[in-house]
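Note that these values count all heavy atoms, side chains included, but never hydrogens, waters or copies made by symmetry. Below, chains carry the letters A, B, ... as their sequence lines are ordered, and counting in each starts from 1. Owing to the predicted nature of the structure, the values given are computational and were not obtained by experimental measurement.
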There are 2 protein chains.
Amino acid sequence: MFSKACEYGIRAAVYIALQSLDGRRVSVTEIAEEIDSPVAFTAKILQQLTRNNIVHSVKGPTGGFEIEREDMDTVNLSMIVKAIDGDKIYVGCGLGLKECNASKPCPLHDKFVDIRNDLSTMLKSTSLYELATGLEVGLTYLKR
Amino acid sequence: MFSKACEYGIRAAVYIALQSLDGRRVSVTEIAEEIDSPVAFTAKILQQLTRNNIVHSVKGPTGGFEIEREDMDTVNLSMIVKAIDGDKIYVGCGLGLKECNASKPCPLHDKFVDIRNDLSTMLKSTSLYELATGLEVGLTYLKR
DNA sequence: CTAATAAAGGACATTTTTGTCCTATTTATA
DNA sequence: TATAAATAGGACAAAAATGTCCTTTATTAG
């Protein structure tokens with residue numbers, strides 16, 4: 001469904017949000033440890049998230065990654081997925097045709113569009129804040 | 001969503017079904033041409049479909065690939081996807097956790113399960129026959 | 001029986017994704 | 001101001017997915 005990079009990206013963003021709720025800025029090392037991901041690769045992905053204004057980074061000692069409280073409401077999964085995997089998941093044909101639309105559909109077009117709309121709606125309506133608070137309460141996990 | 005191999009596999013199976021409705025057995029060369037896919041790679045994928053009894057192959061002159069009329073009703077997309085991509089699409093965690101289930105869910109677990117159930121249901125309930133007849137009537141396309 | 005045709009399958013090549021390592025830049029603090 | 005801590009970013013490495021080529025095997029028809 002999502003690329004590995006995107007999976008790590010979402011997990012990282014959720015972890016950063018969780019810590020930011022406590023006013024803590026976190027380093028790549030800590031993030032990678034807490035979400036069980038390769039450090040250097042995670043650093044790359046965080047660069048993308050930073051460039052896309054999904055998380056905020058601060059260099060130097062006491063630096064690290066954080067997310068403003070307001071941004072946790074604004075930023076949803078759809079934005080993270082788009083920043084890392086692009087929009088192929090929303091746009092492409094399920095069977096890989098270059099041109100596939102309502103007027104010249106592939107055999108799976110209609111059914112695929114339904115599923116994808118559901119996915120898209122779900123991603124758009126799921127905010128970082130929602131995911132972070134689930135974690136905070138101990139209902140969900142980012143490791144194992 | 002699906003791998004390239006799986007996309008080609010589905011398109012190939014649908015094309016074979018369509019031709020089998022006319023009693024025609026088709027070669028890899030023809031299939032690749034008609035679904036716009038790389039020949040040799042398509043041949044590999046057809047081997048997998050054959051081993052999984054999704055299509056039937058016949059060697060030698062007048063040989064090629066075909067699907068029995070009854071099998072078109074039995075074989076659904078879920079079986080093709082499983083034969084080529086395995087069951088990761090049904091089983092894996094959306095955020096890539098090794099262990100993720102109702103009792104120790106990732107932050108996306110519940111929402112992801114919903115989408116995936118829809119996808120799974122759709123794939124299971126879509127037969128090759130249904131897809132092939134859509135093509136036959138000229139409602140859908142396998143190229144472009 | 002022989003020649004030709006088609007799938008099966010193994011080995012290899014290319015491309016993309018995933019992952020690592022090292023250096024540069026920024027910045028807080030002693 | 002010097003040092004150390006942190007991200008940024010480029011170059012490289014490994015693994016997986018995609019794709020190609022060639023040989024073997026089965027089968028049909030002359």
Whole angstroms only, please: what is the [atom1]-[atom2] distance between [X] and [N]?
X       : N      : atom1 : atom2 : result
A/Phe41 : D/dC12 : CZ    : P     : 19 Å
B/Gln48 : D/dG19 : CD    : P     : 14 Å
A/Ile45 : D/dA8  : CD1   : P     : 13 Å

Is the backbone of B/Ser3 close enough, under 3.5 Å, to the side chain of B/Asp85 for a donor and an acceptor to pair up by distance?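 Yes.
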Is a donor on one side and an acceptor on the other found under 3.5 Å between the side chain of A/Thr126 and the backbone of A/Leu123?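 Here the side-chain-to-backbone pair does not exist.
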Single-linkage hydrophobic cluster B/Ile10~B/Val28, side-chain heavy atoms < 4.5 angstrom: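 Per the 4.5 Å side-chain linkage, B/Ile10 and B/Val28 are co-clustered.
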Using every non-hydrogen atom in the two residues, find where B/Pro38 and B/Ala32 come nearest and quote the distance to one decimal.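 Scanning both residues completely, I find the closest heavy atoms to be C-CB, 4.5 Å.
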Shortest non-hydrogen contact from B/Pro107 toward A/Val14: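 The answer is CG-CG1, 4.4 Å.
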Ring geometry between A/Phe112 and B/Phe2 (parallel below 30°, tilted from 30 to 60°, perpendicular above 60°):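 Answer is tilted, since the angle falls between 30° and 60°.
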B/S/- contact track for nucleotides 3-10 of chain C, protein heavy atom under 4.0 Å: -BBBBBBB
Under the side chain to side chain donor-acceptor pair (under 3.5 Å) test against B/Glu30, which residue among B/Arg25, B/Gln19, B/Arg24 passes?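 Exactly one option meets the side chain to side chain donor-acceptor pair (under 3.5 Å) with B/Glu30, and it is B/Arg24.
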With the side chain counted from C-beta on, respond yes when B/Thr140 and A/His109 share a heavy-atom pair under 4.5 Å apart, and no when they do not.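 SC-SC contact between B/Thr140 and A/His109 ruled out.
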Using a cut-off of strictly less than 4.0 Å between a heavy atom of the residue and any atom of DNA chain C, enumerate the qualifying residues of residues 2-12 of chain B by number.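 Correct list: empty, so none.
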